[in-house]
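Here the structure is a predicted model, which is why all the values come from computation and not from measurement. Counting begins at 1 with the first residue of the sequence.
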Amino acid sequence: MTNGLGKEAALYEEHMSKIGKVRSELGQLSGKSALYCSDASIARYLIARNWDVKKATKMLKKTLKWRSEYKPHEIRWDDISDEAVTGKIYRTDYFDKSGRSILVMRPGCQNTKNANGQVKYLVYCMENAILNLPHGQDQMVWLIDFAGFNLGNLSIHVTKLTADVLQGHYPERLGVAILYNAPKYFEPFWKMASPLLERKTRNKVKFVYSDRPDTMKIFEDLFNMDELECAFGGKNPSTFNINDYAERMREDDKKMPSFWSPENSALASEPYLMSNQKPRESSSAGSKTEETESEKREDADTTDTTPEKREESDTESEKEEETQTESSTVEQKSLPGEGTAPADKSGP
């Protein structure tokens, strides 16, 4: 036991050393860039690049440039409210068992064709979900509902653009993505789209079907079923209401300036914690919970089980980083995700 603790301590010190090296490479930072580059934030970039200091620094510098130009923290509800009316993306008012924010995505509810407006709304939702993360938690859950989905919602191009923004500027923010009731015709699209995603990201995708009890267990592991919406097999009868949601978002908008204020020392000093140090908070009681069975399976799942097995080179992450576009025009028709292939089902 003592030896194990010693190894953990040594690994932690190694990680902290690399965080320090990235900080040194970044040089003197000020304003919101300094706030953004907490130890925990730098660690997310290092984790995304397998703790390679050079690659992580390059990736983080791109994000700092993007944030200074795009200003995601300044987007407000009234800027994107037209995109939100159908409930194609929204943050739930409950968390999963680990205290992670939950974004519901319904690509079948796409209501605009303006790529700039769609990406702005997606970024707004990501920033809002991060704003509402409980202390000690830095990831979120995506629930992607295929209700109303059709072939017109499929696009390899916009999927790549979406993946570039999410993987390039929000690394390690995704805990798990659940694709719920994906239709049969989504499978060939997934074969084409999944290589656009990094393997680590693909492995976070779980396919769940309402008529497959073995997959529905994922919901039971992750969520309090009394809080989960009926649309996903839970017991919560509430549905998306644009007026109620607008009120919630406007209240959150009031919090955003202080969140990114220089006086918010908690953001700038957010510490890096190894996974076994992070508290797990219950969505209903706020108490620590044991690791869910789904998370255990996720941590253990390192095998690529997509329909057609692909060879992964050691330089995959580097190649994908080099090919990432810096475009900020992303349509939210896409279905960001990763990991295992859809189960063999017939019909939508």
We want to know whether [X] and [Y] form a side-chain donor-acceptor pair, criterion being a heavy-atom distance below 3.5 angstrom.
{"X": "Asn236", "Y": "Ser238", "value": "yes"}
{"X": "Asp145", "Y": "Asn181", "value": "no"}
{"X": "Lys97", "Y": "Asn224", "value": "no"}
{"X": "Arg44", "Y": "Tyr170", "value": "no"}

| message | With side chain to side chain contact (heavy atoms under 4.5 Å, CB included) as the criterion, how do Phe240 and Ile242 come out once you've worked through the C-alpha distance, each side chain's angles and the decisive distance to 0.1 Å? | response | CA-CA 6 Å; Phe240 178 80; Ile242 184 59; 3.9 Å; yes

Carboxylate-amine/guanidinium contact [X] [Y], below 4.0 Å:
{"X": "Asp214", "Y": "Arg212", "answer": "yes"}
{"X": "Glu83", "Y": "Lys120", "answer": "no"}
{"X": "Glu187", "Y": "Lys191", "answer": "no"}
{"X": "Lys204", "Y": "Glu172", "answer": "yes"}
{"X": "Arg248", "Y": "Asp244", "answer": "no"}
{"X": "Glu247", "Y": "Arg250", "answer": "no"}

Find out whether [X] and [Y] are in side-chain contact, i.e. whether some heavy atom of one side chain is under 4.5 Å from a heavy atom of the other.
{"X": "Glu220", "Y": "Met225", "answer": "yes"}
{"X": "Met126", "Y": "Leu103", "answer": "yes"}
{"X": "Lys18", "Y": "Asp52", "answer": "no"}
{"X": "Glu229", "Y": "Lys235", "answer": "no"}
{"X": "Asp252", "Y": "Met249", "answer": "yes"}
{"X": "Tyr121", "Y": "Asp82", "answer": "no"}
{"X": "Arg173", "Y": "Asp138", "answer": "yes"}
{"X": "Gln139", "Y": "Arg100", "answer": "yes"}

| request: Could you please spell out the steps behind the side chain to side chain contact (heavy atoms under 4.5 Å, CB included) verdict for Leu46 and Val22? | output: CA-CA 9 Å; Leu46 280 163; Val22 171; 3.9 Å; yes

| query | Checking side chain to side chain contact (heavy atoms under 4.5 Å, CB included) for the pair Arg76/Met256: CA distance, chi angles, key distance, verdict? | reply | CA-CA 9 Å; Arg76 296 294 180 262; Met256 191 64 79; 3.8 Å; yes

Short side-chain to backbone donor-acceptor contact, [X] and [Y], under 3.5 Å:
{"X": "Lys62", "Y": "Met59", "result": "no"}
{"X": "Ser194", "Y": "Trp190", "result": "yes"}
{"X": "Ser261", "Y": "Pro257", "result": "no"}
{"X": "Thr63", "Y": "Gly168", "result": "yes"}
{"X": "Thr86", "Y": "Cys109", "result": "yes"}

Mind checking the [atom1]-[atom2] spacing from [X] to [Y]? Nearest 0.5 Å is all I need.
{"X": "Leu228", "Y": "Leu143", "atom1": "CG", "atom2": "CG", "result": "6.5 Å"}
{"X": "Ser101", "Y": "Arg91", "atom1": "OG", "atom2": "CZ", "result": "6.0 Å"}
{"X": "Met16", "Y": "Tyr272", "atom1": "CE", "atom2": "OH", "result": "9.0 Å"}
{"X": "Asp221", "Y": "Asp96", "atom1": "CG", "atom2": "CG", "result": "11.0 Å"}
{"X": "His169", "Y": "Leu64", "atom1": "NE2", "atom2": "CG", "result": "10.0 Å"}
{"X": "Leu60", "Y": "Trp66", "atom1": "CG", "atom2": "CH2", "result": "13.0 Å"}

Minimum-distance pair of heavy atoms, taken over all atoms of [X] and [Y]:
{"X": "Gln118", "Y": "Thr112", "result": "NE2-O, 2.6 Å"}
{"X": "Pro171", "Y": "Ala48", "result": "CB-CB, 3.7 Å"}
{"X": "Cys37", "Y": "Leu26", "result": "SG-CD1, 3.9 Å"}
{"X": "Ile80", "Y": "Tyr124", "result": "CD1-CD2, 3.7 Å"}
{"X": "Ile144", "Y": "Pro107", "result": "CG2-CD, 4.0 Å"}
{"X": "Lys200", "Y": "Ile47", "result": "NZ-O, 2.5 Å"}

| message | side chain to side chain contact (heavy atoms under 4.5 Å, CB included), that's the test. Do Glu13 and Ser17 meet it? Break it down for me. | response | CA-CA 6 Å; Glu13 288 301 320; Ser17 174; over 6 Å; no

| query | Which residues satisfy the salt bridge (Lys or Arg N to Asp or Glu O under 4.0 Å) test with Arg67, sequence neighbours excluded? | reply | Glu127

| Do Tyr90 and Trp142 make the cut of ring centroids closer than 6.0 angstrom? | no

| query | Once the angle between the rings of Phe146 and Phe149 is folded into 0 to 90°, is it parallel (under 30°), tilted (30 to 60°) or perpendicular (over 60°)? | reply | perpendicular

| Relative to the ring of Trp260, is the ring of His73 parallel (under 30°), tilted (30 to 60°) or perpendicular (over 60°)? | tilted

| Tell me, which pairs form a side-chain hydrogen bond (donor to acceptor under 3.5 Å, both in side chains) where one or both residues lie in residues 30-41, sequence neighbours left out? | Arg23-Asp39, Tyr36-Tyr45, Ser38-Glu270

| message | Please determine whether salt bridge (charged side-chain N to carboxylate O under 4.0 Å, His left out) holds for the pair Lys65 and Glu69, giving the CA-CA distance in whole Å, both sets of side-chain angles, and the decisive distance to 0.1 Å. | response | CA-CA 6 Å; Lys65 182 176 186 295; Glu69 296 173 351; 2.8 Å; yes

| field | Non-neighbouring partners of Tyr180 that pass ring pair (Phe, Tyr, Trp, His ring centres under 6.0 Å), sequence neighbours left out | value | Phe219, Phe232

